[in-house]
Amino acid sequence: MSVTIHSPLQQLKAPERASVWVKRDDMIDPYISGNKWRKLKYILEGALASGRRHLVTFGGAYSNHLVAVAAACARNGLRSTAFVRGEMAENEMLLLCRLYGMELRFTDRLGYKDKRGLFERHFGGDAEACFVDEGGAGMPAVLGCAELVTELPPDTRHLFCAAGTGTTAAGLLKGIRETGMDTLLHVVPVLKGGEFIRAEIARYTDGLDRLVLHTAYHFGGYARTSPELTQFIGRFAAAEGILTDPVYTGKLFFALEDLLSQGRFAADEKIVVVHTGGLLGIWGMKEKFSVL
Ligand SMILES: *Cc1c(COP(=O)(O)O)cnc(C)c1O
């Protein structure tokens, strides 16, 4: 995937958000979206370099990661298989996976827990098969995400991102450390009890003194939402022309809006928000938008 990527910086329009720029990683690709593209970059390179032409991965039925792996494999001439958590299902995202030629194996929740075991049992004897953890977690993903920092304005004072596992955040912090930029990383966990993200990040990098966690914006937990959030997503899209999703980036921009309204940043401090993509998540929650 050694192609030039399209991820422009876009300044927000509303006067109260004038110090905010959005790093449009959602524009890299509609289906290998945002941070998933960066996380897969070195995983794909590693697989291709070692002659493993079949990626085997894991995810839920509404996983952006699965769609990204399916699309990236198809582009690079690789096979893909996914163990999908739970009962046989059909939805917009799994349809895309199948169109890209991914083989789906639905797996009950108990069996799904032992991912290495599943891989060994089904593909242990296949020298072409390459294990890719759920969400692509691991050092290659961290290194891919760290590269984003080199694309930022040098005077970025505050960098914002959403976190699920924290792998993307770890990469960004690592990038900040390595470039020596005077930037604080603000992370908005989308799960309840988001404090765990700190330990996840510490597995990959130091520099945790530059990390600020905002744990109050989970809206009840992973993939939970509220009318307040869906209404915000609609208002923000109409005002700025930027779509966000209810699982990750909607919560991120909501948090930013709330912190701005509290006057937490000086007017001359440049804020950059990473739009990590994931817009297919809107289709997983269509009915939640009926209040709009
Ligand atoms: C997967 C995903 C994340 C979470 O990334 P982590 O590295 O697991 O923290 C954030 N935003 C979007 C849009 C995603 O699809």
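What you see is a predicted model, and the numbers here were worked out from it, not measured in a lab. The basis for the numbers below is simple: all heavy atoms, side chains too, and nothing from hydrogens, waters or symmetry mates.
Residues D29 and I5 have side chains not in contact (no heavy-atom distance under 4.5 Å, counting atoms from C-beta outward). With a 4.5 Å cut-off on side-chain heavy atoms, V272 and V22 do not count as touching. Side-chain contact between V188 and C161: absent, with no pair of heavy atoms (C-beta onward) separated by less than 4.5 Å. Side-chain contact check for Y100 versus Y31: some heavy-atom pair is nearer than 4.5 Å. A heavy-atom distance below 4.5 Å is found between the side chains of K39 and C145. With a 4.5 Å cut-off on side-chain heavy atoms, E228 and F254 count as touching.
Side chain of E269 to main chain of H158: no donor-acceptor pair is present (N/O by atom type, distance under 3.5 Å, no hydrogens or angles). Under the 3.5 Å distance criterion, the side-chain polar atoms of T183 are matched with a main-chain donor or acceptor of T156. A donor-acceptor contact shorter than 3.5 Å is absent between the side chain of T276 and the backbone of G34. Of the possible polar contacts, one joining the D245 side chain to the V247 backbone as a donor-acceptor pair under 3.5 Å is found. When atom types are taken as modelled, the side chain of E240 and the backbone of K13 share a donor-acceptor pair closer than 3.5 angstrom. A donor-acceptor pair under 3.5 Å links the side-chain atoms of N91 to the main chain of A61, judged by distance alone. Put simply, the side chain of T179 gets close to the backbone of I176: a donor and an acceptor are under 3.5 Å apart. S226 contributes a side-chain N or O that, together with a main-chain N or O of L229, makes up a donor-acceptor pair within less than 3.5 Å.
Both I197 and L148 sit in one connected hydrophobic cluster of ILVMFWY residues. Membership requires side-chain heavy atoms under 4.5 Å apart, directly or through other members. Cluster annotation: M27 and I32 are assigned to distinct hydrophobic clusters (Ile/Leu/Val/Met/Phe/Trp/Tyr, side-chain heavy-atom contacts under 4.5 Å, transitive). Linking ILVMFWY side-chain heavy atoms closer than 4.5 Å, directly or via other members, places I201 and L143 in two distinct hydrophobic clusters. A continuous path of ILVMFWY side-chain contacts below 4.5 Å connects V84 to M102, so both sit in one hydrophobic cluster. Both V274 and L9 belong to a common hydrophobic cluster when Ile, Leu, Val, Met, Phe, Trp and Tyr are linked at side-chain heavy-atom distances under 4.5 angstrom.
With respect to R17 and E257, a salt bridge is recorded, a charged nitrogen being found less than 4.0 Å from a carboxylate O. Note on E103 versus R105: salt bridge recorded, some NZ/NE/NH1/NH2 to OD/OE distance being below 4.0 Å. The existence of a salt bridge linking K174 and E147 is excluded, since no basic side-chain nitrogen approaches an acidic carboxylate oxygen closer than 4.0 Å. The existence of a salt bridge linking D258 and K251 is excluded, since no basic side-chain nitrogen approaches an acidic carboxylate oxygen closer than 4.0 Å.
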ask   = L104 and C97: side chain to side chain contact (heavy atoms under 4.5 Å, CB included), yes or no, with the steps?
value = CA-CA 8 Å; L104 304 179; C97 289; 4.1 Å; yes
ask   = Can V149 and L173 be said to form a side chain to side chain contact (heavy atoms under 4.5 Å, CB included), step by step?
value = CA-CA 9 Å; V149 177; L173 193 62; over 6 Å; no
Audit row: K23, V273, side chain to side chain contact (heavy atoms under 4.5 Å, CB included) steps and yes/no = CA-CA 6 Å; K23 176 71 174 151; V273 187; over 6 Å; no
inquiry  = Show, in sequence, the C-alpha distance, side-chain angles and deciding distance for K286 and E92, and conclude whether the salt bridge (charged side-chain N to carboxylate O under 4.0 Å, His left out) test is met.
reply    = CA-CA 11 Å; K286 288 194 288 283; E92 293 85 349; 2.6 Å; yes
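R224 CZ: 12 or fewer foreign heavy atoms inside a 6.0 Å radius. Few gaps surround CZ on F119; more than 12 heavy atoms of other groups in view lie less than 6.0 Å from it. Counting non-hydrogen atoms of other residues, nucleotides and ligands closer than 6.0 Å to CD of E87 gives a total of 12 or fewer.
Using cut-offs of 30° and 60° on the angle between ring planes, the pair F265 and H186 is perpendicular.
Taking the six-membered ring for Trp and the full ring otherwise, Y248 and H275 have centroids separated by 6.0 Å or more. A distance of 6.0 Å or more separates the ring centres of F106 and F83. A ring-centre distance under 6.0 Å is found for F58 and F131.
Rounded to the nearest 0.5 Å, atoms OG1 (T249) and CD1 (I282) are 8.0 Å apart. Taking CG of L159 as the start and CZ of R157 as the end, the distance is 12.0 Å to the nearest 0.5 Å.
Side-chain polar atoms of H6 and R24 form no donor-acceptor pair below 3.5 angstrom. Looking at D25 and S7, their side chains do bring a donor and an acceptor atom within 3.5 Å of each other. In this model, a donor atom of one side chain and an acceptor atom of the other lie less than 3.5 Å apart for N35 and T168. Checked by atom type, the side-chain pair H65/E134 shows no donor-acceptor distance below 3.5 Å.
Relative to the six-membered ring of Y112, R85 meets both conditions, a distance below 6.0 Å and an angle of at most 45° to the axis.
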